[in-house]
Amino acid sequence: MAGLHRSHGCGELRAEDTGKEVTLMGWVHRRRDHGGLIFIDLRDRSGLVQVVCDPEAGPAFKKAEEVRNEYVVAVTGRVRPRPEGTANPKLATGTIEVEARKLRILNRAKTPPFYIEDNIDVDEALRLRYRYLDLRRPEMQSIMYLRYRTTRAIRDFLDSRGFWEIETPMLTRSTPEGARDFLVPSRLRPGEFFALPQSPQLFKQILMVAGIERYFQIVRCFRDEDLRADRQPEFTQLDMEMSFIQREDILNLVEELMAHVFRETLGIELTLPLPRLTYQEAMARFGSDKPDLRFGLEITDVSDLVRGCGFKVFADAAARGGVVRGLCVPGGASFSRRELDELTRAAAVFGAKGLAWMAVTAEGIRSPIAKFFTGQELQDLVARMGGKEGDLLLFVADSEAVAATALGSLRLELGRRLHLYEPEQLAFTWVTDFPLLEYSPEEKRYVAVHHPFTMPMEEDWPLLDTEPLKVRALAYDLVLNGVELGGGSIRIHRRDIQEKMFSLLGFSPDEAREKFGFLLEAFEYGTPPHGGIAFGLDRMIMIMARRDTIRDCIAFPKTQSGTCLMTAAPSTVAPEQLLELHLKTTARPAGKLSSAGKA
RNA sequence: GGAGCCGUAGUGUAGCGGUUUAACAUGUCGGCCUGUCACGCCGAAGAUCGCGGGUUCAAAUCCCGUCGGCUCCGCCA
């Protein structure tokens, strides 16, 4: 490197730079050796440029013969226009090239196990094992850059609205409720453990007691649960909390935040206000508490129409307090037997015991169950569901919850299959008025749908004593394209309501003090009304980058089994380390992970 | 905890109706080549068919187990 100073990024050079003497540093993307003339596509973070090594131009040519893909090199030369007819319109730098005078090999490279370019078709395990090569690919770099620009836009916006970013502990206390904790043993306190935070929930509320008024944090959170395409054991939240506000204030602020972020990062203007659905509506119409509003295909309830019908499955479901609901699939009458079987299987995954269908044809209704209905009943069903010739009516008869979720998942499957939406579309919606409580059969008690500090809606307070399951919470989720981006609530700041809540959750005052003592104590010293929200940043980036998994939006993600293929973590540790921590394991460790380092 | 899909040269695939020199593409290495940009042409090397066991005269191929990856259910206040 001595004496060499990088003057430009490879991708920055343009026709205006013609004649300039430049020094570039980057990776050899490709070498085209014509014997007497060598082309090198040189790549760095900014892009690609063609370097020409001509024996006449200097000693670079000799060096270029040694060069291989992914070698790190420095090139000094002059920018010149490409000869007539040799411009490359596919490259931003395609009208010019750099005539290399000097070329220095800064580092050699082994041949990489996959191409360093976009749209590669390799096993994801290989990409994860060689993540540093994967991240060298332009599409991955652009996601990392998008992620950085997004957090910067968030910070800019919240700063302009008077929010302070404050850090909260990573080593904290295990609290009941919620996901499984990751535990960290305390060396100094034998037998005791810290937990990694599932979210900074309690701390941010205490910051409100502390008079911070407006807090945010872009913060790592940890949940020891099974992974999914959109779930990692460690993930990043945008966490916010505000004092002296009401629900509307938070929703409005978040809408402006989203509008700012999408404008600054993607140049997309959102139309405000964002749509809103209540939980009830979302479940009834879309069969989901995170409905994908990029397309219609709404669910229709026909329970009343089939109550007395001759088809026992429907009539019984309606009579026993269940529901019969359906979807009208445009053009679905042409589905094959096999496609119908697939849909039935898809519905079964979510607990539906069966899927009934009726095809609307020119000759009338074609269906294995048509014979159980009168002509009038069939006519009413088709009319209610808006069926037209060529459509397919699908029905699920079950409890309300099963019918809703089964049809909700069918709806998504059909939306995808029938291309009912453009993948590019962005459909935000708020879902509000979540139930405060749900009943847990395993624990035989009520559990909080959101969390134990969520404020019930004031008009439902009387129901707390009579029908707690009907109480709605001042809780809200922001949903984008069927993905839950985040959720929050107005918090309880009144002691009597908090005590009521604990008693509904089955905690005695002593238990509540034992589990949440520090928060309850803080609340006794003058708590402002407050509320907040938290967003899954990884998921947000996933949608913005139009990816199918958050693994693509995290620099170093874990596999579905929670391991890191690059570092081979987790691993066993030295016996002395365990001894120091006063730990003894009862497990035989699983098979060793193979890692790049050991290969 | 459960269901499904996948695992064959560095990479992506074919072969799976049991007997093949395990094929193709690409990459790699060597040679030739002064306007290519997925450069081209010629040649070469490269595979314990994820691992273990079983069935059989014979297994990449069939069976069982196991490991790893992915998707989903449960789980994720």
Inset, instruction - May I ask you to list the residues of residues 497-517 of chain A, by number, that have any heavy atom positioned under 4.0 Å from an atom of RNA chain B? - result: none
Legend entry - hbond_proxy A:Arg231 side chain to B:C76 base (donor-acceptor, 3.5 Å cutoff): yes
Legend entry - Lys/Arg-Asp/Glu bridge criterion (N-O < 4.0 Å) met for A:Asp41, A:Arg32: yes
Legend entry - Residue A:Asp54, side-chain atoms from C-beta onward, closest of B:U34, B:U36, B:A77: B:U34
Legend entry - Within residues 84-92 of chain A, residues whose heavy atoms come under 4.0 Å of RNA chain B: A:Thr86, A:Ala87, A:Asn88, A:Lys90
Inset, instruction - Take the protein atom CG of A:Asp33 and the nucleotide atom P of B:C32, then report the distance between them rounded to whole Å. - result: 10 Å
Inset, instruction - Answer yes or no: does a side-chain N or O of A:Arg228 lie under 4.0 Å from OP1 or OP2 of B:C73? - result: yes
Inset, instruction - For the residue pair A:Thr549 and A:Arg547, confirm or rule out a side-chain donor-acceptor distance under 3.5 Å. - result: no
Inset, instruction - Establish whether the base of B:G74 is bridged to the side chain of A:Arg180 by a donor-acceptor pair shorter than 3.5 Å. - result: no
Legend entry - Side chain of A:Val122 - closest among B:U11, B:C75, B:A77: B:U11
Inset, instruction - Give one of base, sugar-phosphate or nothing for A:Glu117, where a contact means two heavy atoms less than 4.0 Å apart. - result: nothing
Inset, instruction - State whether a side-chain donor-acceptor pair under 3.5 Å links A:Gln237 with A:Ser199. - result: no
Inset, instruction - Would you kindly compare A:Thr111 and A:Phe39 by the position of their nearest RNA chain B nucleotide and give the one closer to the 5′ end? - result: A:Thr111
Legend entry - Contacts of type side-chain hydrogen bond (donor to acceptor under 3.5 Å, both in side chains), residue A:Arg539, not counting sequence neighbours: none
Legend entry - B:A38: pairing nucleotide in any strand, Watson-Crick or G-U under 3.5 angstrom: none
Legend entry - A:Glu443 with A:Arg445: basic N within carboxylate O range, under 4.0 Å: yes
Legend entry - Length of the CD1-C1' vector between A:Ile120 and B:G12, whole Å: 11 Å
Inset, instruction - Classify the nucleic acid contact of A:Arg539 as base, sugar-phosphate or nothing, counting any heavy atom under 4.0 Å across all strands shown. - result: nothing
Inset, instruction - Look at the side chain of A:Asp123 against the base of B:G7 and say whether a donor-acceptor pair falls under 3.5 Å; ignore hydrogens and angles. - result: no
Inset, instruction - With the side chain of A:Arg223 defined as its heavy atoms from C-beta on, choose the nearest nucleotide among B:A77, B:G35, B:C70. - result: B:A77
Legend entry - Carboxylate-amine/guanidinium contact A:Asp433 A:Arg247, below 4.0 Å: yes
Legend entry - Nearest-angstrom distance from the residue atom CG of A:Asp134 to P of B:G69: 16 Å
Inset, instruction - Decide, applying a 5.5 Å centre-distance limit and a 30° plane-angle limit (both strict), whether A:His34 stacks on B:U36. - result: no
Inset, instruction - Name every residue in residues 340-347 of chain A that has at least one heavy atom under 4.0 Å from any atom of RNA chain B, in order of residue number, or write none if there are no such residues. - result: none
Legend entry - A:Arg129 with A:Asp123: basic N within carboxylate O range, under 4.0 Å: no
Inset, instruction - Indicate, with a heavy-atom threshold strictly under 4.0 Å, whether A:Thr454 touches base, sugar-phosphate, or nothing. - result: nothing
Inset, instruction - Counting Watson-Crick and G-U wobble pairs only, both distances under 3.5 Å, name the nucleotide matched with B:U20, or none. - result: none
Inset, instruction - Tell me what A:Pro113 touches on the nucleic acid: a base, only sugar-phosphate, or nothing, going by heavy atoms under 4.0 Å. - result: sugar-phosphate
Legend entry - A:His29 NE2 - B:U36 C1' separation (whole Å): 14 Å
Inset, instruction - Starting at atom CG of A:Leu42, determine the distance to atom P of B:U36, rounded to an integer number of angstrom. - result: 21 Å
Inset, instruction - Check every strand shown and say whether A:Asp121 touches a base, only sugar-phosphate, or nothing at a heavy-atom separation below 4.0 Å. - result: sugar-phosphate
Inset, instruction - Considering just the side-chain nitrogens and oxygens of A:Gln198, establish if one lies under 4.0 Å of OP1 or OP2 belonging to B:C76. - result: no
Inset, instruction - Report the distance from atom CD of A:Glu438 to atom P of B:C75, rounded to the nearest whole Å. - result: 9 Å
Legend entry - Which nucleotide in B:A77, B:C72, B:U11 has an atom nearest any side-chain atom of A:Gln560: B:C72
Legend entry - Nucleotide opposite B:G68 in a Watson-Crick or G-U pair, distances under 3.5 Å: B:C6
Legend entry - Which residue lies more 5' along RNA chain B, comparing A:Leu227 with A:Arg32 via nearest heavy atoms: A:Arg32
Inset, instruction - Searching all strands shown, indicate the nucleotide that pairs with B:U55 (Watson-Crick or G-U wobble; both distances under 3.5 Å). - result: none
Inset, instruction - Remember a base hit wins even if backbone is also touched, and classify A:Val449 as base, sugar-phosphate or nothing at under 4.0 Å, heavy atoms. - result: sugar-phosphate
Inset, instruction - Can you measure from CE (A:Met542) to CG (A:Leu480) and round to the nearest 0.5 angstrom? - result: 9.0 Å
Inset, instruction - Mind running a 4.0 Å heavy-atom check of residues 401-419 of chain A against RNA chain B and sending the residues that fall below it, in number order? - result: none
Legend entry - Shortest non-hydrogen contact between A:Arg551 and A:Arg228, atoms and distance: NH1-O, 4.4 Å
Legend entry - Under-3.5 Å donor-acceptor pair between A:Arg82 side chain and B:C37 base: yes
Legend entry - B:A45 - base-pair partner by Watson-Crick or wobble geometry, distances under 3.5 Å: none
Inset, instruction - Would you please confirm or rule out a distance under 4.0 Å between OP1 or OP2 of B:A77 and any side-chain N or O of A:Ser440? - result: no
Legend entry - A:Ser561 side-chain N/O to B:G69 phosphate OP1/OP2 under 4.0 Å: yes
Inset, instruction - State plainly whether the residues A:Glu511 and A:Lys515 are in salt-bridge range, i.e. N to O under 4.0 Å. - result: no
Legend entry - Those residues of residues 59-72 of chain A lying under 4.0 Å from RNA chain B by at least one heavy atom: A:Arg68, A:Asn69
Legend entry - Shortest side-chain distance from A:Ser199, nucleotide among B:U34, B:A77, B:A38: B:A77
Legend entry - Parallel, tilted or perpendicular: rings of A:Phe507 and A:Phe516 (30°, 60°): tilted
Inset, instruction - Before accepting this row, confirm whether a basic side-chain N of the pair A:Lys290/A:Glu484 lies closer than 4.0 Å to the acidic partner's carboxylate O. - result: no
Inset, instruction - Name the closest nucleotide to the A:Phe350 side chain, picking from B:C73, B:A77, B:C39. - result: B:C73
Legend entry - Interatomic distance at P, B:U61 relative to B:C24, whole Å: 22 Å
Inset, instruction - Establish whether the base of B:C39 is bridged to the side chain of A:Arg31 by a donor-acceptor pair shorter than 3.5 Å. - result: no
Legend entry - Within 6.0 angstrom of A:Lys63 NZ, more than 12 heavy atoms from elsewhere: no
Legend entry - Result of checking A:Arg108, A:Arg43, A:Lys110, A:Arg31 against A:Glu70 for salt bridge (charged side-chain N to carboxylate O under 4.0 Å, His left out): A:Arg43
Legend entry - Pair A:Asp510 + A:Arg513, salt bridge at N-O below 4.0 Å: no
Legend entry - Any donor-acceptor N/O pair under 3.5 Å between B:G74 base and A:Glu225 side chain: no
Legend entry - Between B:G35 (P) and A:Ile38 (CD1): distance, integer Å: 13 Å
Legend entry - Under-4.0 Å salt bridge between A:Asp341 and A:Arg345: no
Inset, instruction - For B:A60, give its Watson-Crick or G-U wobble partner with both distances under 3.5 Å, or none. - result: none
Inset, instruction - Establish, from distance only, whether the side-chain atoms of A:Asp477 and A:Tyr279 form a donor-acceptor pair under 3.5 Å. - result: no
